[in-house]
Protein chains: 2
Amino acid sequence: MTLKTARDIGLLIKSKRLDLGLDQATLAKKAGVSRIWIVAMEAGKDNASLALVLRTLNALGVVLTADARTAQTGAPQIDLDAIIAAAKAPRIVRKS
Amino acid sequence: MTLKTARDIGLLIKSKRLDLGLDQATLAKKAGVSRIWIVAMEAGKDNASLALVLRTLNALGVVLTADARTAQTGAPQIDLDAIIAAAKAPRIVRKS
DNA sequence: GTCAGCTGTCAACGTTCATAGACATTACAT
DNA sequence: ATGTAATGTCTATGAACGTTGACAGCTGAC
């Protein structure tokens, strides 16, 4: 499952919570957040705190990973901006 | 790469930014955030806004995915709390 | 040396978050 | 019908966010 928006993460949390048979209050307690926050997050709250999101996902046993590949949709495969910026800023240390 | 903490995400952002040859100001503009925020985020800011994090990762072409498998470390393979909760709350609608 | 660019830090400001508590609604069970 | 449990909504409060603008260190180029 790919996560591009807060709504995706909210749906993931809700889906995993139901898979585990947890109610909102129990998950909130396990994750150390308020039940209200769970409600808002599952509804797609987009300005939630990163720390709370990570805590909740950990409480659900969800592992987040980042693919090195370029996004498949919506992002151009060739990023001219990045190439031009790279050419203009040769001083930056590259990762190797 | 697995992301468990805000620090992980910060390091990911910094690493990908350098890979693309972008400086902080350029990335900030592309992602629609302030340069100060990039500085704090790359340092591991843990209470950052989810929306800004997602915007930044999108600007970097990073795709976030969630594995269905259980976390390998730190989480018990058998979650008694979840099982008991499930037994006590048979009313909850299961995903499938 | 001098200059330009990148990075990190600071203060002040307005905005938004996250929380607790109470309430209404829905659904199931007895 | 009554009672229990889960979910969603609302208000008010304190805390933290994210932003701008300016400044100091540092590196590399001229």
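Protein chains get the first letters and strands the later ones, always in sequence-line order, with residue 1 at the start of each. For the numbers below, each heavy atom of this structure counts, side chains included, while hydrogens, waters and symmetry mates do not.
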Could you tell me the separation between the [atom1] atom of [X] and the [atom2] atom of [N], rounded to a whole number of Å?
X	N	atom1	atom2	result
B:Lys29	D:dT19	NZ	C1'	17 Å
B:Lys14	C:dT7	NZ	P	8 Å
B:Asp23	C:dG8	CG	C1'	14 Å
A:Leu52	C:dT19	CG	C1'	11 Å
B:Gln24	D:dT27	CD	C1'	15 Å

### Query
Do any side-chain nitrogens or oxygens of B:Asn47 fall under 4.0 Å of OP1 or OP2 in D:dA16?
no

### Query
Do any side-chain nitrogens or oxygens of A:Arg17 fall under 4.0 Å of OP1 or OP2 in D:dA6?
no

### Query
In the single-linkage hydrophobic clustering (I, L, V, M, F, W, Y; side-chain heavy atoms under 4.5 Å), do B:Ile36 and B:Ile13 co-cluster?
no

### Task
Please tell me if the side chains of B:Leu12 and B:Leu57 come closer than 4.5 Å, counting only heavy atoms from C-beta onward.
yes

#### Entry: DNA chain C contacts made by residues 35-46 of chain A, counting heavy atoms under 4.0 Å
A:Ile36, A:Trp37, A:Lys45

### Task
Decide yes or no on side chain to side chain donor-acceptor pair (under 3.5 Å) for B:Thr65 and A:Thr65, but give the supporting numbers first.
CA-CA 5 Å; B:Thr65 64; A:Thr65 66; 2.4 Å; yes

Identify each donor-acceptor pair in which a side-chain atom of residues 39-46 of chain B lies under 3.5 Å from a protein atom, sequence neighbours left out, and give them as a table.
from, atom 1, to, atom 2, distance (Å)
B:Glu42, OE1, B:Arg17, NH2, 3.3
B:Glu42, OE2, B:Arg17, NE, 2.6
B:Glu42, OE2, B:Arg17, NH2, 3.4

### Query
Short question: side chain of A:Arg55, backbone of A:Val33 - any donor-acceptor pair under 3.5 Å?
no

### Message
Given D:dT19, D:dC17, C:dA20, identify the nucleotide with an atom nearest to the side chain of B:Ser34.
### Response
D:dT19

### Query
Do you know the tightest heavy-atom contact between B:Thr56 and B:Trp37?
OG1-CZ3, 3.2 Å

